[in-house]
Chemist: 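For reference, the structure I am asking about is given below.
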Amino acid sequence: MSSKDMSGQDISGTDTNHTTAQWVVDPNVDEHDPGIREAARLLLLGETVAFPTETVYGLGADARNTQAVERIYTAKGRPSDNPLIVHLADRAGLADIALPGGETIDRLLDVFWPGPLTVVLPARPGALSPRVTAGLPTVAVRVPAHPAALALLRAAAAPIAGPSANRSGRPSPTSAAHVRADLAGRIAGIVDGGPCGVGLESTVVEAVGGALHILRPGGVTAADLRRVLPGVPVVAAAEHTLGAAEVPRAPGMKYAHYAPQGRLTLVEGAPGPVAERIRSELAAAAAVGERTGVLTFAEHLGRYPAGFADVTLACGRLGDPATIARQLFAALRQFDEAGVTSIFAECCDESSGVGAAVMNRLRKASAGHILHA
Ligand code: TXA
Ligand code: MG
């Protein structure tokens, strides 16, 4: 059920000519919901509509329609050599847009679809707008595990290109309010299905030779992949060590990403020295007029009593990395809302659960500002 009428609520901004509709949907929504049907109708007319997935909100457009896909790049301000992920309602539609990926990929799809895993496959020539793949011979595809996303994909019965629904370079949106803050007035509508469960984007993988390469760490961990692929080497991309002349295999990896407006500095080291270093950095920043923030975890909150920073946020629990992933992007946006200009962040363990994906996003958000305590 949609809690609003079919015309949606006007939440348009003032800087562009779009009226942005919004449909609030129930957690168990299906493709017969009037809001979902209206959103699907707009997609098929070539408009852009944001929708929730289990990872982050996506900005959808008909992947077969070049004009529609152009609208994604325009709304986001996204560099046009960065290709988009295509979303499908189910695996049955895969053969229409991609060529077979082989045994390793089939095994992954058996286990992880629907879910936060994107596979890069040879594109079926002519099936999609060339703007989706940014000229590459491959296409990135996933079936999301979110009832509202699946309802929309079923109602549209079309492959839907969907990057994260943020302005390019900003933290990905994990709620409809985040999408609104970035894109109201620039897109046709937003399906509001509440907050996202995973909180970080999908894992992007590609089978290369006999190995599986992780092009972007995400909701499915390397350990998850290894568990279901005995005997297949699973290779994590070392994206932050790429030299300027090297071409990253996932083109999106070379852009500034996930960044709050304030400058984010990561502080690595043992917990005690890290907290000590952050407290002294905060004092130094405050002394030169910065509005300061600290990003920590529930277990370490006591190390930053009131007065050390203007804004202190505990982003999940170290003991449960999934909670960190779920809250990370919202926390980065909260610093922006509070006008914080200088943020110091602790690190979490990269070797467990989604820790690798969390640290990948934090490193990118820091743009290389990393201190060792
Ligand atoms: O969880 C997610 O994946 C979200 C939700 C909305 O599904 N989508 C998302 O899309 O994060 P986007 O466009 O923000 O990220 C797509 C990533 C980029 O790093 C891009 O370079 C890579 O996937 N990619 C897309 N097509 C590719 C291709 N053909 N080969 C290699 N990498 C590709
Ligand atoms: Mg993105």
Side-chain angles (χ1 to χ4, degrees), residues 48-61 63 69 72-73 75-88 97-99 101 112-124 128-146 148-150 152-153 159-174 178-179 182-183 191 193 196-208 213-220 237 239 242 247-259 325 329 354 357 360-361 364-365:
T48 52
V49 171
F51 60 98
T53 80
E54 80 281 29
T55 58
V56 301
Y57 273 71
L59 180 60
V69 175
I72 289 179
Y73 287 98
K76 283 181 60 90
R78 182 178 174 110
S80 57
D81 64 341
N82 191 3
L84 308 173
I85 291 175
V86 177
H87 297 71
L88 297 176
I97 65 167
L99 303 178
F112 296 110
W113 276 12
L117 183 76
T118 295
V119 295
V120 173
L121 294 170
R124 183 171 288 289
L128 299 173
S129 162
R131 297 290 280 125
V132 169
T133 54
L136 294 174
T138 52
V139 61
V141 191
R142 83 180 189 101
V143 174
H146 191 293
L150 292 173
L152 183 63
L153 291 164
I160 298 297
S164 49
N166 50 282
R167 290 296 286 267
S168 198
R170 301 262 298 134
S172 294
T174 52
H178 296 163
V179 178
D182 279 16
L183 298 177
V191 175
C196 301
V198 175
L200 296 180
E201 300 83 351
S202 61
T203 304
V204 180
V205 298
E206 184 175 19
V208 181
H213 287 221
I214 301 178
L215 308 187
R216 178 179 72 181
V220 172
E239 82 283 352
L242 278 178
V247 178
R249 208 184 266 107
M253 306 267 240
K254 69 176 181 285
Y255 293 106
H257 257 91
Y258 317 113
F329 288 143
V354 288
N360 168 271
R361 305 309 190 268
K364 288 186 175 224

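All ligand and atom numbering here is 1-based and tracks the order in the structure. Since this is a predicted model, take the numbers as computed values, not measurements.
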Chemist: Going by distance alone, is a donor N or O of one side chain under 3.5 Å from an acceptor N or O of the other, for S172 and E201?
Modeler: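 There is such a pair between these side chains.
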
Chemist: Quick check against the 3.5 Å criterion: does Y73 have a side-chain atom that pairs as donor or acceptor with the backbone of R131?
Modeler: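 Looks like yes, one N/O pair under 3.5 Å.
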
Chemist: Are a donor atom and an acceptor atom from the side chains of S202 and T118 found within less than 3.5 Å of each other?
Modeler: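 Present: a donor and an acceptor within the cut-off.
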
Chemist: With a cutoff of 4.0 Å, is H87 in contact with ligand 1, counting heavy atoms of the residue only?
Modeler: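 True for this residue.
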
Chemist: Going by the atom numbers of ligand 1, which of them fall below 4.0 Å from some non-hydrogen atom of T138?
Modeler: 28 (C), 29 (N), 30 (N)

Chemist: Go through ligand 1 atom by atom and flag the ones less than 4.0 Å from a non-hydrogen atom of G58.
Modeler: 6 (C)

Chemist: Please could you name the atoms of ligand 1 that G162 approaches to less than 4.0 Å, counting only its heavy atoms?
Modeler: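 Every atom of ligand 1 under 4.0 Å from some heavy atom of G162: 6 (C), 8 (N), 10 (O).
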
Chemist: Does a donor on one side chain sit under 3.5 Å from an acceptor on the other, for R142 and T53?
Modeler: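 A donor-acceptor contact under 3.5 Å links the two side chains.
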
Chemist: State whether the shortest distance between N or O atoms of R216 and N or O atoms of ligand 1 falls below 3.5 angstrom.
Modeler: yes

Chemist: Under a 3.5 Å distance rule, please check whether S164 uses its side chain to pair with a backbone N or O of N166 as donor and acceptor.
Modeler: no

Chemist: Is S164 close enough to the Mg ion (ligand 2) to have an N, O or S atom under 2.8 Å?
Modeler: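 An N, O or S atom of S164 is closer than 2.8 Å to the Mg ion (ligand 2), so yes.
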
Chemist: Looking at CZ of R170 and CG of L183, how far apart are the two atoms once the value is rounded to the nearest 0.5 Å?
Modeler: 10.0 Å

Chemist: Please state which part of E54 comes within less than 4.0 Å of ligand 1, counting heavy atoms only: side chain, backbone, both or neither.
Modeler: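 It is neither; nothing of E54 touches ligand 1.
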
Chemist: Between atom CD1 of I214 and atom CG of L117, what is the distance when rounded to the nearest 0.5 Å?
Modeler: 9.5 Å

Chemist: Would you please determine whether T133 falls within less than 4.0 Å of ligand 1 on a heavy-atom basis?
Modeler: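 So T133 does not count as touching ligand 1.
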
Chemist: Check ligand 1 against N82 and write out every atom of the ligand that is under 4.0 Å from a heavy-atom position of the residue.
Modeler: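 Answer, ordered by atom number: 18 (C), 20 (C), 21 (O).
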
Chemist: Under 4.0 Å, heavy atoms only, figure out whether ligand 1 is touched by the backbone of E206, its side chain, both or neither.
Modeler: neither

Chemist: Please could you name the atoms of ligand 1 that L136 approaches to less than 4.0 Å, counting only its heavy atoms?
Modeler: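 What qualifies from ligand 1 is 28 (C), 29 (N), 30 (N).
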
Chemist: Are any of the N or O atoms of T53 closer than 3.5 Å to those of ligand 1?
Modeler: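 No; every N/O pair is 3.5 Å or more apart.
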
Chemist: With heavy-atom distances below 4.0 Å as the criterion, list the atoms of ligand 1 near V120.
Modeler: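 Per the distance check, 30 (N), 31 (C).
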
